[in-house]
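Step one of this worksheet: look at the structure below.
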Amino acid sequence: MFRAMRTVNWCEVLGTVLANEQVVDGKDERTGHPVTQKPLEQYFFKTTKYADELLDCLDGLDWPENVKTMQRHWIGRSEGARARFALTSGEEIEVFTTRLDTLFGVTFMALSTEHPVIEKAAESDLALKAFCDQVASLSREERLTSDEKLGHRTALSVLHPFTGEQVPVFAANYVLMDYGTGAVMGVPAHDERDHEFAKKYGLAIPQVIESESEWDLGTLVNSGEFTGMKSEDAATAMVAKLGDRAAKTTTYKLKDWGLSRQRYWGTPIPTVHCEACGVVPEKAENLPVRLPEDVAFTGVGPSPLLTSRSFLDTKCPSCGRPARRETDTMDTFVDSSWYWLRYLDPKNSSLPFAKVESDAWMPVDLYVGGIEHATMHLIYARFFYKVLRDLGLASGPEPFQKLICQGMVLKDGSKMSKSKGNIVDPDEVISRYGADALRLFMIFAAPIEKEIDWTGFEGIEGASRFLKRITRMVEDHAVTNQPLPAKDQLSAEEKALLIKLNQTLARLTDDLERRYQFNTVVSGLMELSNALGDLPADAPHRGAVLQHALDAFVRLMSPVAPHLAEQLWSQLGRPGLCMQAAWPETDAQYLEADEVLVVVQVNGKVRGRLTLPASATEDQRRAAALACTEAQPHLAGKEIVKVVLPPGGKLVSIVVKG
RNA sequence: GCCGGUGUGGCGAAAUGGCAGACGCGAUGGACUCAAAAUCCAUUUCCCCCUAAAGGAGUGUCGGUUCGAGUCCGACCACCGGUACCA
């Protein structure tokens, strides 16, 4: 953690800092007061120190590819070089570039308006000062929506390190102070933005790279002693030639995490400001620092904590003299970055959590969260865990081994959220249909990772009907202790039902445990309930077969309709809770039917269907397919090239010619 | 612009390279009912056709791999979301 000056969205009228999301059109979204950029001293976590590890560990995680890709881009590692250019005044400007090989194409330097060299020059250059103020006055939004390149030529020049030519220095709006070094070497022939800028300000556009194709990095031209070298070699040679004035380096888009908030509701940052000792951490025995209650909430002005004398007045942990407590609180993302670790040891009064507990339980086997957390929460949490590991509080490199991201629920095209107020109250639906019906309906609507647009409760009738149907079935069934008869004593319909039951059981177990595909668990249950309903009323062993099937059905249903499952479990005369009962086991003798349907394809088109004994050999299947009546018109007079029998035995594919 | 996602019936969707549309919603017709609700049965991708049988086409478009492609590969189109000059 460190402290540094950074610009924030500042509302002068309210006297407070605003989050980017709260700034719309350069104004506070609530009050409409103008928002400016103001430098403020804040606390930061040095997330960039972990950038490489955060990036490299992604490969080993069982996470959705799209989330991993988003994090890779967010971290944004890029390899390049830093090079220092001497100003004619004697100072130096350092730039970052990924294309040092284009050095001979430099015709200008572009510096951020916040760059120290520009700020200093502006002190004696009123026109430059005016330009910088104009850029600063543009809100974040305005900077985003306009991509016009604006520049202002300063009185400064740098010397080209190889040619010794003077290169003019510009202040430019498209150079960002918080990426790289805040200074860019302008190579108009080989960079789109530099090109646009050079054309606008009448600068030369010399070509220094020739490439034969799009994917060829190119060969240097017009580059002095480097002419004729391949691009990738030239960069290395130039670094060597420049000596201590250049070095290969890596930059990241990832920024350090600013965690200061000037708000009451947050964890206090446990530091104390002492006139003599500076910023001092609070003593361990005084932790945690608790929020005071003698606070005035006015809704405007700086942090409410500043109104509490009991909070502010304290002693310096170092020298013991009167000192002032820090009033910044932490971003709530700090808390959400390790909450699950506290779950492991919630009653520990001396530590956040004991290492034995985290060693025993971590990493989290399966973490489920919304896709909107792909780059913020899920990077913060990974960063936090790595820091805890380095502090010796936890073990292992990553907190979440497997991740599933639910899709968002949208309403009228935008994310359903408390802050937007476009939420749907489920209470009315629950009181009318029950919580199980609502749960079932939502699970059934779409796969978990898919975004759904909430159009209403139209389909909930189906979920409700299904639950009523199975309830009726259990109510109409007379509970029995008769054991399930042996397979050879059952009627064909009874056997068919048990086969459907066991096949469904195998499929749904896989859907739940491996595929995490819950919508098909619901449709599988519906199919099985339809099959239960099809068992003839006069089936010879109806009671025993139904008892067996319903018993398994209710346990299968328990994860998606837990309340009703418990009721039916008890109605079936079973002891204890269904949710604690063992998961039903598949019975291998009922996984395969005696007869199987074999599809006959001719040149890839389905031409016939055969019912064959499951025991039929490949040769028998091939012979039956070739003899299949429906296929004959498509085989007559043709030469049979080959017959394919894929594994599984459910298909015979005949290839003919002529 | 860049990044990500999605394209399958009237709608939500299923199909783990092997019968496209399971399952459900809605709709239509019927049974039950004095009537309604509830429940049950039937039909419900398109073309041809008699509401039959048998065909044909069909998963955004165009191509490829394969005995076989909604699924794999390549190019493109459309829509949705995110992001903003990253040197």
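By convention in this document, chain letters (A, B, ...) are assigned in the order of the sequence lines, proteins followed by strands, and residues within each chain are numbered from 1.
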Query raised in the report: Which residue, A:Pro447 or A:Asp534, contacts RNA chain B at a nucleotide closer to its 5' end, judged by nearest heavy atom?
Result: A:Pro447
Report summary line: For RNA chain B, consecutive-pair runs of 3 or more (Watson-Crick or G-U wobble, both H-bond-type distances under 3.5 Å) give B:1-7 with B:77-83, B:10-12 with B:23-25, B:26-31 with B:39-44, B:45-47 with B:55-57, B:60-64 with B:72-76
Query raised in the report: Does A:Arg72 place a side-chain N or O at less than 4.0 Å from the phosphate oxygens OP1/OP2 of B:G4?
Result: no
Query raised in the report: Does B:G9 fall in syn (glycosidic angle within 90° of 0) or anti?
Result: syn
Report summary line: From CD of A:Glu475 across to P of B:U39 the rounded distance in Å is 14 Å
Query raised in the report: For A:Val117, which residues count as a side chain to side chain contact (heavy atoms under 4.5 Å, CB included) partner, sequence neighbours excluded?
Result: A:Leu87, A:Ile93, A:Leu111, A:His115, A:Leu156
Query raised in the report: For A:Ser78, which contact category applies under a 4.0 Å heavy-atom criterion: base, sugar-phosphate, or nothing?
Result: sugar-phosphate
Query - Nearest-Å distance once atom C1' is located in both B:G74 and B:C23 - result: 35 Å
Query - Which residues share a salt bridge (Lys or Arg N to Asp or Glu O under 4.0 Å) with A:Lys402, sequence neighbours left out - result: A:Asp62
Protein and nucleotides 23-30 of chain B: nitrogen or oxygen contacts under 3.5 angstrom:
{"unit_1": "B:G24", "atom_1": "OP1", "unit_2": "A:Asn530", "atom_2": "ND2", "d": "3.3"}
{"unit_1": "B:C25", "atom_1": "OP1", "unit_2": "A:Arg465", "atom_2": "NE", "d": "2.9"}
{"unit_1": "B:C25", "atom_1": "OP1", "unit_2": "A:Arg465", "atom_2": "NH2", "d": "2.5"}
{"unit_1": "B:G26", "atom_1": "OP2", "unit_2": "A:Arg465", "atom_2": "NH2", "d": "3.0"}

Query raised in the report: What residues form a side chain to side chain contact (heavy atoms under 4.5 Å, CB included) with A:Arg621, not counting sequence neighbours?
Result: A:Val596, A:Val598, A:Leu612, A:Ala616, A:Leu645, A:Val652
Query raised in the report: Between B:C41 and B:G56, how far is it from one P atom to the other, in whole Å?
Result: 34 Å
**Report entry** Earlier contact from the 5' end, RNA chain B, for A:His634 and A:Tyr252
**Finding:** A:His634
Requested in this report: Flag the pair A:Arg507 and A:Asp510 as a salt bridge only when some basic side-chain nitrogen lies within less than 4.0 angstrom of an acidic carboxylate oxygen.
Outcome: no
Requested in this report: Tell me whether the centres of the aromatic rings in A:Phe170 and A:Phe197 are closer together than 6.0 Å.
Outcome: yes
**Report entry** Whole-angstrom distance between B:G10 and B:U61, as gauged at atom P
**Finding:** 15 Å
Report task. Would you indicate what A:Asn519 reaches in the nucleic acid, counting non-hydrogen atoms under 4.0 angstrom: base, sugar-phosphate, or nothing? Result -> sugar-phosphate
Report task. Kindly state each residue pair satisfying side chain to side chain donor-acceptor pair (under 3.5 Å) with at least one member in residues 428-449 of chain A, sequence neighbours excluded. Result -> A:Tyr433-A:Glu461, A:Asp436-A:His563
Please list each protein N or O that sits under 3.5 Å from an N or O in nucleotides 61-66 of chain B, with the distance.
none

Report task. Please step through salt bridge (Lys or Arg N to Asp or Glu O under 4.0 Å) for the pair A:Arg472 and A:Asp476, ending with a clear verdict. Result -> CA-CA 6 Å; A:Arg472 259 198 317 274; A:Asp476 293 347; 5.6 Å; no
**Report entry** Expected output: side-chain A:Ser464 to main-chain A:Ile460 donor-acceptor under 3.5 Å
**Finding:** no
Report task. For the pair A:Arg542 (side chain) and A:Pro536 (backbone), establish whether a donor and an acceptor sit closer than 3.5 Å, ignoring hydrogens and angles. Result -> yes
Scan nucleotides 15-19 of chain B against the protein and return all N/O pairs shorter than 3.5 Å with their distances rounded to 0.1 Å.
{"unit_1": "B:A15", "atom_1": "OP1", "unit_2": "A:Arg515", "atom_2": "NH2", "d": "3.0"}
{"unit_1": "B:A15", "atom_1": "OP1", "unit_2": "A:Gln517", "atom_2": "NE2", "d": "2.8"}
{"unit_1": "B:U16", "atom_1": "O2", "unit_2": "A:Arg514", "atom_2": "NH2", "d": "2.9"}
{"unit_1": "B:G18", "atom_1": "N2", "unit_2": "A:Gln601", "atom_2": "OE1", "d": "3.2"}
{"unit_1": "B:C19", "atom_1": "O2", "unit_2": "A:Arg609", "atom_2": "NE", "d": "2.8"}
{"unit_1": "B:C19", "atom_1": "O2", "unit_2": "A:Arg609", "atom_2": "NH2", "d": "3.0"}

Query raised in the report: Does a donor on one side chain and an acceptor on the other come within less than 3.5 Å for A:Thr586 and A:Asn502?
Result: no
Query - Integer angstrom distance from the P of B:C73 to that of B:G4 - result: 15 Å
Query raised in the report: Distance check: side-chain N/O of A:Lys605 vs OP1/OP2 of B:A20, anything under 4.0 Å?
Result: no
Report task. Could you pull out all residues at least two apart from A:Asn519 that satisfy side chain to side chain contact (heavy atoms under 4.5 Å, CB included)? Result -> A:Pro447, A:Gln517
**Report entry** Integer angstrom distance from the P of B:A38 to that of B:U6
**Finding:** 38 Å
Query raised in the report: If we take the P atom in both B:C67 and B:G82, what is their distance in whole Å?
Result: 45 Å
**Report entry** Which nucleotide in B:A13, B:G4, B:G56 has an atom nearest any side-chain atom of A:Met70
**Finding:** B:G4
Scan the side chains in residues 182-190 of chain A for donor-acceptor partners under 3.5 Å anywhere in the protein, sequence neighbours excluded, and list what turns up.
{"unit_1": "A:His190", "atom_1": "NE2", "unit_2": "A:Val208", "atom_2": "N", "d": "3.1"}
{"unit_1": "A:His190", "atom_1": "NE2", "unit_2": "A:Ile209", "atom_2": "N", "d": "3.2"}

Requested in this report: Starting from C1' on B:C80, measure out to NZ on A:Lys450 and report it in whole angstrom.
Outcome: 11 Å
Query - Contacts of type salt bridge (Lys or Arg N to Asp or Glu O under 4.0 Å), residue A:Glu94, not counting sequence neighbours - result: A:Arg82
Report task. Please list all pairs passing the salt bridge (charged side-chain N to carboxylate O under 4.0 Å, His left out) test where one or both residues lie in residues 99-109 of chain A, with sequence neighbours left out. Result -> A:Arg99-A:Asp101
**Report entry** Interatomic distance at C1', B:A22 relative to B:U16, whole Å
**Finding:** 15 Å
Report task. Could you check which of B:A87, B:C3, B:C40 has an atom nearest any side-chain atom of A:His73? Result -> B:C3
Query raised in the report: Does a donor on one side chain and an acceptor on the other come within less than 3.5 Å for A:Lys248 and A:Thr236?
Result: yes
Requested in this report: Rounded to whole angstrom, note down the P distance from B:C62 over to B:G9.
Outcome: 16 Å
